Every structure is written in structure tokens, then in C-alpha cells.
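What you see is a predicted model, and the numbers here were worked out from it, not measured in a lab. Proteins come first, then strands; the chains are lettered A, B, ... in the order of their sequence lines, and each starts at number 1.
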Amino acid sequence: MRHTFMPEILPHRDKEINNLASVLVPALRDETPSNIFIYGKTGTGKTAVTKFVGKELLNKGNKTGKKVNFIYINCEVVDTQYRLLQNIANHFIDEWSERIPFTGWPTDEVFVKLKNMIEKQGGVTVIILDEVDKLKGDEALYNLSRINSDLGNSKVSIIGISNDLKYTEFLDPRVKSSLGEENMIFPPYDASELQDILNQRIDIALKPGSIDEDVVPLCSALAAQEHGDARRALDLLRMSAELAERAKSLRITKKHVRLAQNKIEIDRIIEVVRTLPTQSKLILLAILLQEQHNKKIGSSGAITTGEVYEIYKELGKKARTDKLTQRRVADLISELDMLGIITARVISKGRYGRTRDIKISSSTEDIMKILHEDGVFKELSNYKIHGQMKLI
DNA sequence: AATCCACAGGAAGATTAGGATA
DNA sequence: TATCCTAATCTTCCTGTGGATT
């Protein structure tokens with residue numbers, strides 16, 4: 001039930017599969033397929049469709065005796081030009097060629113080596129660059145896109161995948177024109193399409209009758225609200241199943257879905273908090289302390305930027321970290337807001353100014369626990385807000 | 001209607017981190 | 001390895017503002 005699982009059939013993506021296939025088939029006739037750019041939000045099946053078509057292409061190629069190479073690279077993992085070239089080159093490793101070391105060679109030498117390798121292989125090489133927008137610098141793309149002009153008996157075609165529609169706008173125009181020969185946009189799934197996808201997986205993964213009939217529509221509806229993300233729908237369903245199993249219940253019910261949704265959200269927040277930079281953590285801690293303090297004296301939970309900044313300064317002194325200006329802290333606070341850890345909306349208190357009204361948007365204790373994992377916070381753990389807070 | 005608080009949030013310049021380049 | 005570049009971070013200085021109070 002994981003989204004990485006590749007089913008035999010991809011529901012509701014026939015059109016995309018056919019489109020992509022028709023762009024790539026020239027490979028089987030020894031012609032160069034166009035370079036393609038694929039756009040679409042997360043969980044719209046971009047990766048699944050490309051891998052699927054790639055597999056088909058390999059099969060067809062083997063049957064007809066045509067040489068087709070298919071290289072999949074995720075640019076989030078491989079994000080520099082050097083490592084990208086190295087990765088591609090190492091796909092062609094055989095007993096005659098030497099392996100390219102992961103450091104040491106000048107980039108252009110790797111490039112030349114790669115060209116030779118591709119040339120020796122012959123046939124058509126399709127390179128998939130998943131999440132190209134994560135790739136640093138567009139020189140790598142530029143080099144790759146003009147590789148064809150230096151090749152004789154072999155062809156290279158590049159498929160770029162991105163979930164950022166505006167990605168190409170900031171690209172070198174030369175790269176833009178050569179890579180964007182074909183464009184494809186993957187629309188989000190709607191609720192009923194998501195249902196089909198879920199049902200397909202359920203048939204494989206679950207025993208019949210172990211799920212309430214209103215669970216799938218609920219999962220689909222929730223995921224459809226989030227721009228039709230199939231990955232999210234699957235995660236939700238899987239988490240529901242796990243929770244149901246853990247609770248020793250015989251069937252998956254709506255209750256489990258609600259729990260799962262909650263758990264996914266908390267997991268997300270925990271992950272975000274854990275990877276926050278130190279300054280943001282300090283600010284978050286300041287907010288948490290103020291909230292706890294407010295609760296103790298029983299005042300209404302409104303926290304202002306100024307209060308947070310005061311506590312933040314104190315914390316910074318104790319932890320001996322350098323402190324930021326209030327202007328910067330205000331920006332970091334709105335960042336925390338965007339990440340969904342806190343809600344900070346602007347209110348006006350009339351004569352008493354205009355500020356943000358800051359609230360924690362999930363469990364205080366959970367976040368506190370994560371913050372204490374950070375070494376800097378050890379000595380702050382018993383910090384108390386001393387007096388002088390306005391008691392209304 | 002005028003005032004004025006306590007910030008919001010824009011602009012521009014300075015600093016810094018890290019990768020690119022020689 | 002040294003230095004050059006660029007993007008991100010941060011500061012300084014600033015103007016703007018919703019609405020309770022006067």
C-alpha cells in the first residue's frame with residue numbers, strides 16, 4: 001500500500017501514458033525522441049507514469065533487438081552537476097570501463113568520459129531527471145541538452161520532471177528551448193479517481209470485508225482537498241489500516257481514518273520542528289514558554305510579537321547564542337506560521353497597537369519534547385519566565 | 001474626528017555560507 | 001588549495017495602519 005509500489009495498471013493515467021509513449025517511441029526506430037518536460041503537483045503520478053513507460057520501452061526494445069537505455073535519477077538526492085554526471089556514467093559501467101570516482105576529476109573530464117561511454121553503447125539513452133528543480137545550477141542541464149550534437153551513432157533524450165510550474169521561467173533560455181520541446185501537464189486526481197486508485201490497492205493488500213465501505217470515499221475526499229494527491233490518499237489509507245490493526249479491530253472504520261489523519265499531521269509537525277534552524281527553535285521555545293505561563297495565570301492565550309521577543313532575548317543570553325533583531329524575529333515567526341506549527345494572525349488592539357496574535361496549533365508537550373532533543377536546549381529546560389508580565 | 005500605540009512589513013545595504021572556478 | 005560568486009540571511013531604517021481611547 002505504499003506509494004512507491006508500482007501496480008500493473010495505473011488508473012486514470014491512460015492519456016498521459018499514451019502521450020509520453022508516443023513521444024518516446026521514435027527511440028525504437030533509432031531516432032532521437034524529443035526532450036520532455038513534465039509538470040504536476042505531488043502525487044499526480046508523474047514518477048509512476050514515467051517509470052511505467054520506461055519499463056515498457058525497455059521490454060519493447062529487448063524484443064525488437066534495439067538498444068534502449070533508461071536511466072532514472074532523482075535530483076533531490078543527486079543535486080550537483082558533478083554527481084549527476086557521475087551517476088549517469090556509472091549506469092554504463094561494464095568490465096572494460098573504469099568507474100568514475102565520486103570526487104577528484106575535473107567536471108569536464110567526467111563529461112567527456114560520459115560521452116565516450118554513451119557513444120560506445122550506441123542506441124538511445126533516455127535520462128529521467130526527477131525533481132529537476134532541486135538541481136543546483138542550470139549548467140548541468142545545458143551540458144546535457146547539447147550532448148546530442150557531439151554524438152554520432154547514439155542518441156540522448158532527457159525527461160525533466162518538476163512540480164513547480166514556473167520552474168522553466170528562471171532557466172537559461174537555451175536550456176528552456178532545448179529541454180522544453182514537449183511539455184506535459186499532469187492534472188490532479190479528483191475524488192472519484194482517487195477512489196479507484198485506493199480500491200485497486202485494497203484488492204491487492206487487504207482481505208475482503210476488512211474495511212468499511214465509507215472509508216475509501218472519506219480518504220479520497222480528504223486527499224482531494226489537498227490538490228488531489230494520490231500519495232496522501234494512500235498514506236492515509238495505510239496509516240488507517242495500521243492503526244486499526246494495532247487496535248486489534250476487525251475492520252477499518254472512519255474512526256481510524258480520523259486518527260490516521262491526526263497522526264500524519266503530528267508526524268509532519270514533529271519532523272518540521274526537528275529540522276528547524278536553531279534560531280527558529282529558540283523563538284518557538286519562547287512562544288511555548290509564554291503559552292504555558294499564560295495558562296498558569298489563566299489569562300487568555302493571546303501572545304504578541306513583543307512578548308515573544310523579550311523572552312527570546314533572555315533565552316539567547318542563557319544559551320549564549322547571538323540574538324537577532326525584532327524585525328528578523330517577526331519574519332521567522334511568520335515562517336513558523338507558514339509551516340503550520342503556529343498560527344499568527346495580525347490583530348489590532350486599538351490604542352494598544354497592532355501586533356500578531358500567536359497561538360500554538362498543536363500539542364505543546366510534543367513540540368517541547370522535540371525541542372529538548374537539541375543540545376542547545378539542555379540548560380534552558382528549567383527556565384522560568386520571571387515576573388513582570390502584564391497581569392491583566 | 002483626532003490621536004497614538006506597537007507593531008507590520010517594504011527597501012536597501014551588509015554579512016555570511018557554500019559551491020564554483022582557477 | 002585559494003579566491004571568486006551568488007544566494008540566503010540578517011540588519012538598519014523606514015513608512016504604514018486598525019481601531020480603542022481621548
Side-chain angles (χ1 to χ4, degrees), chain A residues 73 75-87 100-114 129 131-146 162 164 166-175 272 275-284 286-287 290-291 294 299-317 319-339 341-359 374 376 388-392:
Chain A
I73 288 176
C75 298
E76 195 169 18
V77 190
V78 181
D79 61 351
T80 61
Q81 175 172 5
Y82 185 90
R83 287 200 290 145
L84 177 64
L85 294 177
Q86 187 220 353
N87 246 280
I100 300 211
F102 51 84
T103 181
W105 289 15
T107 310
D108 45 350
E109 198 177 328
V110 182
F111 195 65
V112 171
K113 209 87 183 173
L114 175 63
L129 301 176
E131 324 216 18
V132 251
D133 40 325
K134 300 284 161 50
L135 197 63
K136 293 184 181 125
D138 45 12
E139 200 173 312
L141 287 178
Y142 177 62
N143 285 334
L144 277 178
S145 65
R146 65 182 190 143
S162 162
D164 183 1
K166 287 180 295 204
Y167 173 61
T168 44
E169 281 180 24
F170 307 104
L171 229 47
D172 189 315
R174 294 170 300 183
V175 180
V272 170
T275 56
L276 235 39
T278 312
Q279 292 296 341
S280 300
K281 282 185 182 171
L282 271 177
I283 294 167
L284 185 55
I287 297 169
Q290 177 66 33
E291 165 130 321
N294 275 358
S299 80
S300 63
I303 306 172
T304 68
T305 308
E307 288 167 350
V308 172
Y309 188 62
E310 287 304 311
I311 302 169
Y312 163 80
K313 273 197 297 191
E314 286 293 311
L315 290 174
K317 215 188 289 166
R320 281 184 300 276
T321 54
D322 36 21
K323 59 177 191 293
L324 304 174
T325 49
Q326 180 158 349
R327 180 66 188 83
R328 181 69 186 136
V329 169
D331 275 349
L332 290 180
I333 288 176
S334 33
E335 227 166 79
L336 290 175
D337 178 43
M338 292 205 299
L339 289 170
I341 306 172
I342 61 175
T343 53
R345 74 204 157 81
V346 183
I347 54 158
S348 175
K349 295 193 292 180
R351 194 76 210 252
Y352 304 108
R354 227 157 81 88
T355 182
R356 282 210 184 86
D357 177 44
I358 303 167
K359 286 199 194 74
D374 194 306
V376 187
Q388 52 59 34
M389 305 270 74
K390 284 155 271 173
L391 301 172
I392 308 142

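Separating the CG atom of L324(A) from the C1' atom of dT12(C) is a distance of 14 Å, rounded to the nearest angstrom. Across the protein-nucleic acid pair, D331(A) atom CG and dC14(C) atom C1' stand 15 Å apart, rounded to whole Å. Taking atom CD1 of residue I347(A) and atom P of nucleotide dT17(C), one finds them 18 Å apart after rounding to whole Å. Protein atom CD of Q326(A) is 13 Å distant from nucleotide atom C1' of dT11(C), rounded to whole Å. Note: OH (Y352(A)) to P (dA6(B)) measures 9 Å, nearest angstrom. One can place CZ of R328(A) at 15 Å from C1' of dG13(B), the figure rounded to the nearest angstrom. One interatomic measurement links the two molecules: CZ of R354(A) to C1' of dC4(B), which rounds to 13 Å at whole-angstrom precision. As rounded to whole Å, 15 Å separates atom C1' of dA8(B) from atom CE of M338(A).
The phosphate of dC7(B) has OP1 or OP2 within less than 4.0 Å of a side-chain N or O from T304(A). Within the 4.0 Å cut-off from OP1 or OP2 of dC10(C), not a single side-chain nitrogen or oxygen of T325(A) is found.
Checking dC4(B), dT12(C), dA8(B) against every side-chain atom of T305(A), the shortest atom distance belongs to dA8(B). Closest contact between the side chain of R327(A) and the listed nucleotides dC7(B), dA8(B), dA11(B) involves dA11(B). Considering only side-chain atoms of R351(A), the nucleotide from dG19(C), dC4(B), dG9(B) that sits closest is dC4(B). Between dC10(C), dC7(B), dA8(B), one nucleotide has an atom nearer to the side chain of V346(A) than all others, and that is dA8(B).
Minimum interatomic distance between L332(A) and S280(A) (heavy atoms only, all atoms of both residues): CD2-OG, 3.9 Å. Of all heavy-atom pairs spanning I358(A) and T305(A), the tightest one is CD1-N, 4.2 Å. Summarising the geometry of E131(A) relative to C75(A), their closest heavy-atom pair is O-CB, 3.4 Å, with the distance given to 0.1 Å.
Nearest-nucleotide assignment on DNA chain B puts the 5′-proximal partner with G353(A), out of G353(A) and S334(A).
Looking at heavy atoms from C-beta onward, Y312(A) lies in side-chain contact with Q279(A) at the 4.5 angstrom threshold. A 4.5 Å side-chain heavy-atom check between T355(A) and K349(A) finds at least one atom pair inside the cut-off.
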